[in-house]
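To keep things clear, I will list the structure first and then write my remarks on it.
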Amino acid sequence: MQYLHTMIRVTDPDATIAFFELLGLQEVRRLENEKGRFTLIFLATEADMNGPGERAKAEVELTYNWDPEEYGSGRNFGHLAYRVDNIYDTCQRMMDGGVTINRPPRDGNMAFVKTPDGISIELLQAGDALAPAEPWTSMPNTGSW
């Protein structure tokens, strides 16, 4: 068995792609289906890529339905998780890009952010936790994650 991808429905593909680019994911491939009136956009980290246009080892599939739909917040879904080289640098890059840090990395190990459609993303520090540092140690939680 091999893990392939996680699909999330999005209402604004450009905003969602920009969000994931801040995390370090890139668009791998895109499929337009005029008959079904949807677009599939596959994103992956550089480490998971096999080659231009090829299926990556692990992907996030963004599904954009051309006809507007409202999606509820499926808390039973949970979250996506990514290991990052430096959680403080990643959170700072996300904040600089206009993303709210819902659960700051006060412990130097874990943080949560949300996509433009409200899907929770867990960020985990690679290796040992970083030493506690400001502004993260005194930053309060914002919203839910």
Side-chain angles (χ1 to χ4, degrees), residues 2-33 38-145:
Q2 178 185 10
Y3 172 79
L4 297 176
H5 66 261
T6 297
M7 182 275 274
I8 59 175
R9 297 184 193 283
V10 301
T11 57
D12 185 340
D14 293 334
T16 305
I17 290 168
F19 173 89
F20 278 106
E21 285 175 345
L22 289 170
L23 282 175
L25 279 74
Q26 303 168 36
E27 185 172 331
V28 176
R29 56 199 166 89
R30 182 182 292 235
L31 305 169
E32 305 275 345
N33 187 314
F38 63 85
T39 302
L40 304 179
I41 304 161
F42 295 87
L43 309 172
T45 65
E46 189 173 328
D48 284 329
M49 290 200 191
N50 289 315
E54 293 182 28
R55 180 186 305 271
K57 295 173 196 155
E59 299 172 320
V60 174
E61 173 190 329
L62 308 180
T63 297
Y64 173 65
N65 292 306
W66 300 355
D67 299 318
E69 280 185 55
E70 292 236 357
Y71 304 114
S73 61
R75 286 296 291 164
N76 58 334
F77 167 75
H79 62 265
L80 301 176
Y82 291 95
R83 182 177 18 257
V84 299
D85 290 331
N86 185 305
I87 197 158
Y88 295 148
D89 290 348
T90 301
C91 286
Q92 188 63 57
R93 185 173 63 250
M94 300 297 289
M95 281 179 44
D96 292 348
V99 174
T100 298
I101 308 300
N102 299 99
R103 195 282 192 187
R106 289 184 293 274
D107 57 3
N109 184 57
M110 179 182 70
F112 276 89
V113 294
K114 286 188 175 185
T115 70
D117 288 293
I119 295 170
S120 291
I121 307 292
E122 181 180 20
L123 305 174
L124 294 167
Q125 173 63 41
D128 294 334
L130 301 181
E134 290 296 340
W136 313 109
T137 53
S138 60
M139 188 179 288
N141 293 338
T142 302
S144 63
W145 62 88

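Nothing fancy with the numbering, it's 1 onward along the sequence. Here the structure is a predicted model, which means the values were calculated and not measured.
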Open item on the list: Could you check whether any side-chain heavy atom of T90 comes within less than 4.5 Å of a side-chain heavy atom of L23, counting everything from C-beta outward?
Closed with: yes
Task: Atom pair OG1 (T63) and CZ (R9), whose distance is rounded to the nearest 0.5 Å - done: 6.0 Å
Open item on the list: So which atom in P13 and which in Y64 form the shortest heavy-atom distance, rounded to 0.1 Å?
Closed with: CG-CG, 3.4 Å
Task: Close side-chain approach of L25 to V60, heavy-atom, < 4.5 Å - done: yes
Open item on the list: Do M94 and I101 make a side-chain contact, defined as non-hydrogen atoms from C-beta onward lying under 4.5 Å apart?
Closed with: yes
TODO: Would you check, one step at a time, whether the test side chain to side chain contact (heavy atoms under 4.5 Å, CB included) holds for H5 with L40?
DONE: CA-CA 12 Å; H5 66 261; L40 304 179; over 6 Å; no
Task: Closest approach of S120 to F112 (non-hydrogen atoms, all atoms of both residues) - done: CB-CD2, 4.3 Å
- [ ] Look at the side chain of D117 and the backbone N and O of T11, then say whether any donor-acceptor pair between them is shorter than 3.5 Å.
- [x] yes
Task: Shortest non-hydrogen separation from L123 to I87 and the atoms involved - done: O-CD1, 3.3 Å
TODO: Looking only at non-hydrogen atoms, find the nearest pair between Q125 and D85 and report the distance.
DONE: NE2-O, 2.8 Å
Task: salt bridge (charged side-chain N to carboxylate O under 4.0 Å, His left out) against D67, all qualifying residues, sequence neighbours excluded - done: R37
Open item on the list: Using 0.5 Å steps for rounding, measure from the CD1 atom of I119 to the NE2 atom of H79.
Closed with: 12.5 Å
Open item on the list: Nearest 0.5 Å, please: how far is CG in L80 from CD1 in I8?
Closed with: 6.0 Å
Task: Residue among I17, T39, T115 satisfying side-chain contact (heavy atoms from CB on, under 4.5 Å) with L62 - done: I17
Task: Set of salt bridge (charged side-chain N to carboxylate O under 4.0 Å, His left out) partners for R29, sequence neighbours left out - done: E59
Task: Sub-4.5 Å side-chain heavy-atom contact between L31 and N33 - done: no
- [ ] Find out whether V10 and P116 are in side-chain contact, i.e. whether some heavy atom of one side chain is under 4.5 Å from a heavy atom of the other.
- [x] no
- [ ] Using modelled atom types only, decide if a donor and an acceptor are shared between the side chain of N50 and the backbone of R55 within a distance under 3.5 Å.
- [x] yes
Open item on the list: Looking at R93 and L22, would you say the former's side chain and the latter's main chain have a donor-acceptor pair under 3.5 Å?
Closed with: yes
- [ ] Go through the structure and list residues passing salt bridge (charged side-chain N to carboxylate O under 4.0 Å, His left out) with E122, not counting sequence neighbours.
- [x] none
Open item on the list: Less than 4.5 Å apart, side chain to side chain, heavy atoms only: is that true for E32 and W66?
Closed with: yes
Task: Qualifying ring pair (Phe, Tyr, Trp, His ring centres under 6.0 Å) pairs, either residue in residues 11-31, two or more places apart - done: none
Task: Listed once per pair and sorted, the salt bridge (Lys or Arg N to Asp or Glu O under 4.0 Å) pairs that draw on residues 95-112, sequence neighbours left out - done: R103-D107
Open item on the list: Please give me the minimum heavy-atom distance between A58 and A44, naming the atom from each residue.
Closed with: O-CB, 3.5 Å
Sequence neighbours excluded and cut-off under 3.5 Å, please list the side-chain donor-acceptor pairs for residues 132-139, or say none.
residue: E134; atom: OE1; partner: S138; partner atom: OG; Å: 2.6
residue: E134; atom: OE2; partner: T137; partner atom: OG1; Å: 2.5
residue: E134; atom: OE2; partner: S138; partner atom: OG; Å: 3.4

Task: Point-to-point distance, once rounded to the nearest 0.5 Å, from CZ of F42 to CZ of R30 - done: 11.5 Å
